[in-house]
Number of protein chains: 2
Amino acid sequence: MGDLIMQPSNLKVSPKYSESKEMYLKALVELDVFVSPTVSRLANRLGVTQVSANEMVRRLTDQGLMIHTPYKGVNLTKKGRQLGNNVLRRQRLWECFLYDYLKVEWSRLYELTCNLEHNTPPEVTESLAIYLNNPAQCPHGQPIPTVDGECKSLKGIPLNQLGIGESASILSVTESPLEVVEHFSQQGLLPGKHITLVNTTPLQGPLTLQVGQAHIALGLQMAEQILVKRD
Amino acid sequence: MGDLIMQPSNLKVSPKYSESKEMYLKALVELDVFVSPTVSRLANRLGVTQVSANEMVRRLTDQGLMIHTPYKGVNLTKKGRQLGNNVLRRQRLWECFLYDYLKVEWSRLYELTCNLEHNTPPEVTESLAIYLNNPAQCPHGQPIPTVDGECKSLKGIPLNQLGIGESASILSVTESPLEVVEHFSQQGLLPGKHITLVNTTPLQGPLTLQVGQAHIALGLQMAEQILVKRD
DNA sequence: CCGGATAATAAGGTCAACCATAACAATTTT
DNA sequence: AAAATTGTTATGGTTGACCTTATTATCCGG
Ligand SMILES: [Mn+2]
Ligand SMILES: [Mn+2]
Ligand SMILES: [Mn+2]
Ligand SMILES: [Mn+2]
């Protein structure tokens with residue numbers, strides 16, 4: 001007997017939005033909090049050369065997903081933002097599952113879900129959301145976008161903007177490179193935790209925080225990655 | 001402040017075993033039940049041209065994962081079989097999760113997990129296995145290979161080898177194209193179900209089965225995909 | 001308003017994984 | 001044994017997503 005053919009192709013069938021393209025869209029969503037990032041910032045974030053990023057930005061622009069204004073920055077179109085938010089939704093749902101159910105290490109969640117996010121069909125995403133009880137945040141405290149690609153941003157302030165003596169609780173930490181996130185984890189700087197700003201130092205110097213009983217020093221750049229809400 | 005760089009690259013970093021290569025390995029494991037498949041059979045299964053399959057087989061041969069004896073067939077090496085079984089393990093574990101927890105439609109499990117299988121890091125795979133309580137079979141009744149790439153095959157006989165009047169229970173159905181699997185599902189031909197062979201017809205004609213109260217006709221080629229164990 | 005830093009573009013690669021067409025080799029059928 | 005079928009290889013594409021090196025454009029601080 002002849003074999004059954006697994007048609008159409010089991011192999012990658014050049015999807016409309018490749019993993020690479022999705023990563024550009026996601027990166028843009030992640031970076032575009034205050035000002036639109038330049039191509040170089042994007043390139044930097046994604047670990048590719050500016051030239052490569054430029055090419056890709058052009059392709060994505062041609063697809064109507066972003067707009068590049070030279071020397072000003074790259075902006076997502078409505079559609080581009082939706083797609084980027086969809087990627088983020090998938091990633092953050094998986095982060096919830098890995099953390100809450102599979103007991104995966106908190107600091108590795110981002111890297112471990114960064115491929116799943118491009119390979120999760122809508123049916124699975126939505127079933128997963130139901131299974132998880134439609135969580136509002138991922139384990140980093142970041143909001144999970146809705147099915148239709150909307151994402152309300154957190155209203156909190158960066159930790160470094162606290163005044164000395166002020167107490168606050170951590171809303172979220174920005175998804176950051178492994179070493180940084182591992183450091184957060186070791187210092188107990190997780191969403192929901194309470195902290196007090198004990199001290200600051202001039203010239204980009206570290207802050208001193210109280211976390212639980214301990215006093216810890218935290219670099220300014222790291223403090224900027226932590227969003228808090230004053231008590 | 002400068003951005004935090006998500007280095008090294010978030011983008012696909014040309015893995016040792018690409019998704020394509022993994023699919024070739026998996027296909028070979030799936031096809032190599034009785035005789036080693038030829039390159040054409042492989043090509044057919046994967047929905048690529050023979051030429052493409054040939055190229056890829058050469059590359060995989062160079063990597064020491066398979067051996068091609070022209071006109072005879074392609075064989076996996078020890079290492080190749082292990083890798084193929086690893087892919088199968090990941091897919092079948094995901095199938096369990098999707099079916100038992102996410103309540104995904106039985107007939108779509110294969111397609112929905114066919115990308116996840118290439119994007120699941122070992123930590124996640126093993127945590128998932130624990131979460132699922134180390135299942136022995138996937139929802140198709142197929143055995144789940146062990147962590148170290150071993151897979152004991154089912155001892156059952158193809159449904160069409162039953163004698164008339166014999167009863168049996170379904171051990172497994174071969175992962176097959178959507179239409180086929182959908183048909184199995186509609187007819188209630190799922191692992192664990194009881195059937196009786198009522199009748200056969202000559203010349204590759206259909207069999208008649210009793211499933212529950214109903215009598216159904218089943219094409220010979222489809223019957224070959226179902227493994228049963230006599231009562 | 002000029003010069004250095006930063007950003008963008010141009011030009012010409014590489015590499016994996018596909019494709020088509022065509023020739024050639026082995027096996028099976030008649 | 002010749003013909004038909006099936007399997008393999010050779011040759012020469014394409015495409016997406018990267019790369020390096022070099023040039024050009026813009027911005028911004030002194
Ligand atoms: Mn990713
Ligand atoms: Mn997160
Ligand atoms: Mn697959
Ligand atoms: Mn299965």
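Note on naming: letters A, B, ... go to the chains in the order of the sequence lines (proteins, then strands), and numbering restarts at 1 for each one.
In this structure, A:S40 reaches the sugar-phosphate backbone alone: every heavy-atom distance under 4.0 Å involves primed, P, OP1 or OP2 atoms, never a base. A:V39 comes within 4.0 angstrom of the backbone, heavy atoms only, and of no base.
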Kindly give the atom pairs (protein nitrogen or oxygen, nucleotide nitrogen or oxygen) under 3.5 Å for nucleotides 24-30 of chain D.
unit_1: D:dA25; atom_1: N3; unit_2: A:Y71; atom_2: OH; d: 2.9

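Look at B:S20 and you won't find any side-chain N or O under 4.0 angstrom from OP1 or OP2 of C:dA16. For D:dC19, one of the phosphate oxygens OP1 or OP2 lies less than 4.0 angstrom from a side-chain nitrogen or oxygen of A:S52.
Put simply, the side chain of B:M23 reaches to within 4.5 Å of the side chain of B:E117, judged on heavy atoms.
Aromatic ring orientation, A:F97 versus B:W94: tilted (interplanar angle from 30° to 60°).
Using a 4.0 Å cut-off between charged side-chain N and carboxylate O, B:E150 and B:R81 make no salt bridge.
If A:T69 and B:E55 are placed on DNA chain C by their nearest nucleotide, the residue sitting closer to the 5' end is A:T69. For the pair A:T49 and B:G73, both in contact range of DNA chain D, the more 5′-proximal nearest nucleotide belongs to B:G73.
Taking the ring centroids of B:Y101 and A:Y101, they lie at or beyond the 6.0 Å cut-off.
For the residue pair A:Q91 / A:K26, a side-chain donor-acceptor distance below 3.5 Å is found, with atom types taken as modelled.
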